[in-house]
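Residues take their numbers from the sequence shown, with the count starting at 1. What you are looking at is a predicted structure, and each value in this text was computed from that prediction instead of being measured.
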Amino acid sequence: VNLLGIFKVINIYSFTNKLFLNLYYILFFFLIINYLSENKENLKKVLLTIIISVSVMSLYGIFQVNGFDIFSWRSDFSGRAASTLGNPNFLAGHLVLLLPLVFAFVFLSHNKIRLIYIFLALLNTYGFIITQTRGAYLGFFVSVVFFIWLLFFYEKNIFEKEKRIFFIGSAILIFIIIFYFVFNKYAFQRIRDVLFLKDEAAHIRIALWKNSLKLFFDNFLFGTGAGNFFIKYSYYQASSLTPDFFSKSDFYRSSHSHNDYIQIAAEYGIFGFLVFVLFIFIIFFNTLKYLKQNSENKIIVIGIISGILGLLIHAIFNFPFLIIPTSTYFYLFSGIIAFFTSQKEKIIISDYKRNILIFLILIIAILNLVFSYKTLLSNVYLRKAKENEYFSKINDAIYYAKKAVETDSLNDENNFTLANLYERTQNMMACDYFEKVYKLNPGYWEANLSLFNCFMIKNNKEMVLKIG
């Protein structure tokens, strides 16, 4: 399905990057199933690692909103926790997926160990609340209701036995939520704004959804091609946005639709969208089938599937499946579900096939590392170029912009920055780089306007008419 997009792709570089990433997710999914099949203790190791890592993230987020941060981030998001992911929405998506698993361990543990998990549950819940991400709040609420419903129907003994823990935990949770919103007027205002449709972000997202849906219907079968949404979206921004909007924002160059379902449909077409829906359906169908049986580890499965449901709700309003750490956890959880639900069939990968799988993952991981390193390094150079441009150090800005292009020549933003700097110094090399931007991203209107002027100067009527 990924490869079908080759018929519509404009930027092959972005397409290949996304293709490798998706292939990595698929191989990782099967590797998790095989790893869990090798040893019963492996499941415990994986789950404990997840809980420890997410707790560290939440703790960092709590320190962050209280003014203790070891890094200088580009934005403080008005006191919202972002932790190591750099954005509150990303952290919220991460936590909404993982929180129900932490809750499951509260019911699984006893005595002093239970107290530790109760503390971790409260820590992570508070870390989630202070993200102030409203779509994730809804996802969390639905996941908790689903968690309780599954517990009541499929683990009734635990539900009856642990009623006191459930009610005390619920009371503490409600108290924390009320306390936070009563004493944080900004957080309370964000909730009020969205309820009374006064929130500007909500209007922007609705516009993004409308535009992206039109893009999808115009590219119904194959989509834009993986990784090419950001190029074609700019042709659709006028579908539901008025001209005055563009004077206030450059949101037309959005790389996402702020809705993962619309995003998947727009990038991969109807076939890709249906494959994703089928994958989700199989996960939930097999999970409910598994829970009806008298099986072990039901509480863990309930925690995992509840987290997945919460993430799916959050994905209506945001794009957690585009965030690599969150998406990796989604496929990890899907792999755990597949492991549990396929145990009776005893699906065990042979040593030969496992070695091939590991080899493929290593190759893809190395390739991703190379691409990621180039992207990261070029971003550093690009930031230095823009900093120097801001302080009117144009020669230094050109130096760093050239380094950014040399490091990642297929990045449209790198080429545009260098072209723009050359244009400021009246260097005709600007035209060459504006042309490169056009080839990489024909929807980059600022570059197109400058390129139009270049072709006018060169009296290239054919290209003037094409761009104009």
Side-chain angles (χ1 to χ4, degrees), residues 1-5 15 18-37 46 50 93-94 96-98 100-101 139 142-143 146 150 212 216 219-227 229 256-257 259-292 300-345 347 349 357 360-361 364:
V1 173
N2 275 260
L3 290 171
L4 290 175
F15 174 78
K18 199 67 175 282
L19 195 66
F20 274 121
L21 183 61
N22 290 337
L23 187 57
Y24 162 76
Y25 289 142
I26 294 167
L27 294 174
F28 180 68
F29 170 81
F30 287 107
L31 188 64
I32 284 297
I33 297 172
N34 184 68
Y35 178 69
L36 297 177
S37 303
V46 169
I50 292 169
H94 210 68
V96 80
L97 174 64
L98 303 178
L101 177 65
V142 172
S143 71
F146 191 59
L150 291 177
S212 301
F216 161 59
N219 299 270
F220 188 75
L221 291 179
F222 305 119
T224 65
F229 174 90
H256 50 77
S257 64
N259 178 306
D260 272 326
Y261 307 103
I262 299 175
Q263 179 87 22
I264 290 167
E267 278 205 18
Y268 301 98
I270 189 63
F271 299 117
F273 177 74
L274 290 176
V275 167
F276 179 75
V277 170
L278 179 63
F279 182 70
I280 297 298
F281 173 79
I282 290 170
I283 289 172
F284 277 84
F285 179 80
N286 286 344
T287 298
L288 294 175
K289 185 179 174 183
Y290 175 83
L291 292 174
K292 286 177 183 177
I300 291 174
V301 173
I302 288 171
I304 289 173
I305 200 65
S306 299
I308 289 175
L309 179 61
L311 184 73
L312 294 174
I313 299 295
H314 177 53
I316 297 171
F317 309 99
N318 222 291
F319 47 97
F321 286 96
L322 294 182
I323 310 307
I324 293 174
T326 306
S327 203
T328 299
Y329 273 121
F330 167 76
Y331 286 101
L332 188 153
F333 275 10
S334 301
I336 294 173
I337 292 288
F339 164 71
F340 281 130
T341 56
S342 64
Q343 275 185 315
K344 288 195 173 181
E345 286 80 11
I347 299 174
I349 303 171
L357 192 62
L360 287 172
I361 287 178
I364 292 168

Could you tell me whether a side-chain N or O of [X] sits under 3.5 Å from a main-chain N or O of [Y], the two making a donor and an acceptor?
| X | Y | value |
| --- | --- | --- |
| N286 | T341 | no |
| T328 | I324 | yes |
| Y261 | L312 | yes |
| N259 | I316 | yes |
| E267 | G227 | yes |

Tell me the closest heavy-atom pair linking [X] and [Y], and the distance in Å.
| X | Y | answer |
| --- | --- | --- |
| F271 | L221 | CD1-O, 3.4 Å |
| A315 | P320 | CA-CD, 3.8 Å |
| F273 | I264 | CA-CG2, 3.9 Å |

Hey, are the side chains of [X] and [Y] touching, using non-hydrogen atoms and a 4.5 Å cut-off?
| X | Y | value |
| --- | --- | --- |
| V142 | H314 | no |
| Y268 | F276 | no |
| Y25 | F321 | no |
| F340 | I336 | yes |

Return the [atom1] to [atom2] distance between [X] and [Y], rounded to the nearest 0.5 Å.
| X | Y | atom1 | atom2 | answer |
| --- | --- | --- | --- | --- |
| L31 | N34 | CG | CG | 6.5 Å |
| I337 | L332 | CD1 | CG | 11.0 Å |
| F319 | F229 | CZ | CZ | 11.0 Å |
| I280 | S334 | CD1 | OG | 6.5 Å |

Query - Mutual orientation of the aromatic rings belonging to F216 and F220 [parallel < 30°, tilted 30-60°, perpendicular > 60°] - result: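 Aromatic pair F216/F220 classed tilted.
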Query raised in the report: When you look at CZ of F29, are more than 12 heavy atoms from neighbouring residues, nucleotides or ligands closer to it than 6.0 Å?
Result: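 It does: F29 CZ has more than 12 such atoms within range.
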Requested in this report: Indicate, with yes or no, if the rings of F28 and Y331 have centres closer together than 6.0 Å.
Outcome: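 No, the ring of F28 stays outside the 6.0 Å limit from the ring of Y331, centre to centre.
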Requested in this report: Evaluate side chain to side chain contact (heavy atoms under 4.5 Å, CB included) for I305 paired with F333, printing each intermediate quantity in order.
Outcome: CA-CA 8 Å; I305 200 65; F333 275 10; over 6 Å; no
